[in-house]
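A quick write-up on the structure given underneath.
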Amino acid sequence: MSTHHDIIITGGGAAGLYAAIFAGRRGRRVLVLDHAEKVGKKILISGGGRCNFTNLETKPDRYLSANPHFAISALKRHTQHDFIALVDRHGIGWHEKKLGQLFCDDGAGRILGMLLDECADAGVAIRTACRIDDVTAVEGGGFRVTTSHGSFTSDSFILATGGPSIPKMGATDFAFRLARKWDLNIVEPRPALVPLTFAPADLEKLKDLSGVPLEGAVSCGKGRFREALLITHRGLSGPSILQISSYWREGQGVRIDLSPDQPLAEHLKGLKRTRHKAELKTILGEILPRRFAERLFEVALIGPAPLVNRPVADIKDADLMTVAAALHAWTVHPDGTEGYRTAEVTLGGVDTAELSSKTMEAKKIPGLFVVGEAVDVTGWLGGYNFQWAWSSGHAAGMAA
């Protein structure tokens, strides 16, 4: 039996539910289909369970895309302040953690509950544990969706199934397969906001430093981020590394300034006068974690290891300057990432050239809309990708 709706949305995540809310408010008959037993699984695990639901500093330049201007329209027409206002109306407490990142006081379940309440108020129907077998465009307009729950038809179809990041949560490449079926161009997907891995030879140098945290400014290509990083048994992780992974490509080096706030050359030369008997490893251990400082010459390849055990007064200024320069520009060469298994989002996706920036509708296929992570728009770490879900979902929900 075929059941007709004005709009069918595949994907009960952030973007899909948000699109459903605004479409339902317009009086549209909306059906959300999701293959999982419950909607919003990624919402519940986000932000360590507290849901980093947006960022106060949301701007288009915090997003990566083949067309950096594409996100401007949706982000301007439904801003972080619009979403915060909705959160406030539902009485959900929130706080700013750092760098404009907003988190729920009482857990991510409050955000999901808010979205589901809004869907219910808008008359949105939701079916879970519903496998999507096929979606076809009907001659003359509309869509037919064949599922494990039967066949459904609609006037409009919103693709909101995201990307393949975090497959253990049920994520797949369904959106990209469907887009290719409809001859929509795909910007090559790749894991983003993901830890970087090293080749065995480099890991051998770092293996006993796993778990050592560092502070620094990490840069690669056009990206530069000043946040914490962490040495792991596979390579490097931490906020700054996750950020830079969106900019890194195979074969590129990643540069790490381990003392971004303090020029070290003059500092180390000055200590020759004031602390001339102190060993270099002792002084560096006050700037860096001690375990890292003691292994610095082997790990960072900045000079002969015996230097680290010598009193600073016995070290030539030229050698101290070499040490300082290396600390400001420790360069590592990852051989890959941990992949979609741990990636927070997917970089790339449906080419924005295929879509209207105002409505998210496909130019080739009237009535087809693509939102959220499935689109080639990827935000920085810190609530930016949720805001893209809200903004793109709103754009489609108001137009479909």
Side-chain angles (χ1 to χ4, degrees), residues 13-15 17-19 21-22 40 42-65 68-115 118 162 192-193 215 217-219 222-229 238-247 260-261 344-345 347 357 360 371-373 375 377-398:
L17 292 176
Y18 213 60
I21 290 166
F22 286 93
K42 280 191 178 181
I43 295 173
L44 293 177
I45 68 167
S46 65
R50 289 193 177 274
C51 190
N52 180 191
F53 58 84
T54 193
N55 196 295
L56 291 173
E57 302 301 321
T58 297
K59 301 173 185 175
D61 64 4
R62 309 293 168 92
Y63 292 85
L64 288 78
S65 174
H69 303 293
F70 180 84
I72 293 174
S73 177
L75 291 171
K76 280 188 175 180
R77 289 164 56 238
H78 194 81
T79 71
Q80 63 270 37
H81 306 293
D82 293 317
F83 190 79
I84 293 168
L86 179 61
V87 171
D88 288 341
R89 285 201 300 274
H90 281 257
I92 299 173
W94 54 269
H95 59 278
E96 181 182 354
K97 190 173 181 180
K98 61 176 182 177
L99 302 174
Q101 302 169 11
L102 302 191
F103 290 79
C104 295
D105 292 342
D106 300 324
R110 295 295 304 278
I111 294 294
L112 180 56
M114 175 192 78
L115 297 174
E118 288 286 333
L193 301 184
E215 288 288 335
V218 180
S219 57
K222 295 181 179 179
R224 187 179 188 276
F225 298 93
R226 166 67 195 280
E227 290 188 76
L229 59 150
S240 63
I241 296 299
L242 299 187
Q243 294 276 39
I244 213 64
S245 71
S246 296
Y247 293 82
D261 295 330
E344 295 200 14
V345 294
L347 193 71
S357 62
M360 311 305 296
V371 296
E373 190 180 349
V375 181
V377 174
T378 305
W380 288 2
L381 184 72
Y384 293 99
N385 288 294
F386 267 128
Q387 186 56 48
W388 173 244
W390 314 137
S391 296
S392 62
H394 168 267
M398 292 298 290

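Given the structure is predicted, the values throughout are model-derived calculations rather than measurements.
Asp106 is linked by a side-chain contact (heavy atoms from CB on, under 4.5 Å) to Arg110, counting only residues two or more places apart in sequence or in another chain. Applying the side-chain hydrogen bond (donor to acceptor under 3.5 Å, both in side chains) rule to Arg62 yields the partners Tyr384; only residues at least two apart in sequence or on another chain are considered.
Aromatic ring centroids of Phe83 and Phe386 lie 6.0 Å or more apart.
The two residues Asp61 and Trp380 make their nearest non-hydrogen contact at O-CZ2, 4.2 Å. The nearest pair of heavy atoms linking Ala108 to Cys51 is CB-CB, 3.5 Å. The heavy-atom pair separating Asn52 from Ser46 by the smallest distance is N-OG, 4.2 Å. Nearest approach of Ser246 to Leu347, heavy atoms of both residues: O-CD2, 3.6 Å.
Annotation: side chain of Asp261 is in contact with side chain of Arg226 (closest heavy-atom distance under 4.5 Å). The side-chain heavy atoms of Leu17 and Leu112, taken from C-beta on, include a pair separated by under 4.5 Å. Ile72 has its side chain out of reach of Tyr63: every pair of non-hydrogen atoms, C-beta onward, lies at least 4.5 Å apart. Looking at heavy atoms from C-beta onward, Phe22 lies out of side-chain contact with Glu118 at the 4.5 angstrom threshold. Under the 4.5 Å side-chain criterion, counting only non-hydrogen atoms from C-beta, Lys97 is not in contact with Arg50. Between Thr79 and Thr58, the closest side-chain pair of non-hydrogen atoms is not below 4.5 Å. The closest side-chain heavy-atom distance from Phe225 to Pro239 is not below 4.5 Å. Considering only heavy atoms from C-beta on, Cys104 comes within 4.5 Å of Ile111 through its side chain.
The residue from Asp88, Asp105, Thr54 that alone fulfils the side chain to side chain donor-acceptor pair (under 3.5 Å) condition with Trp94 is Asp88.
Distance check: Leu115 CG to Leu86 CG gives 7.5 Å after rounding to the nearest 0.5 Å. Taking OG of Ser392 as the reference point, atom CZ of Arg77 lies at 11.0 Å (rounded to 0.5 Å).
No more than 12 heavy-atom neighbours from other residues, nucleotides or ligands sit within 6.0 angstrom of NE2 on His69.
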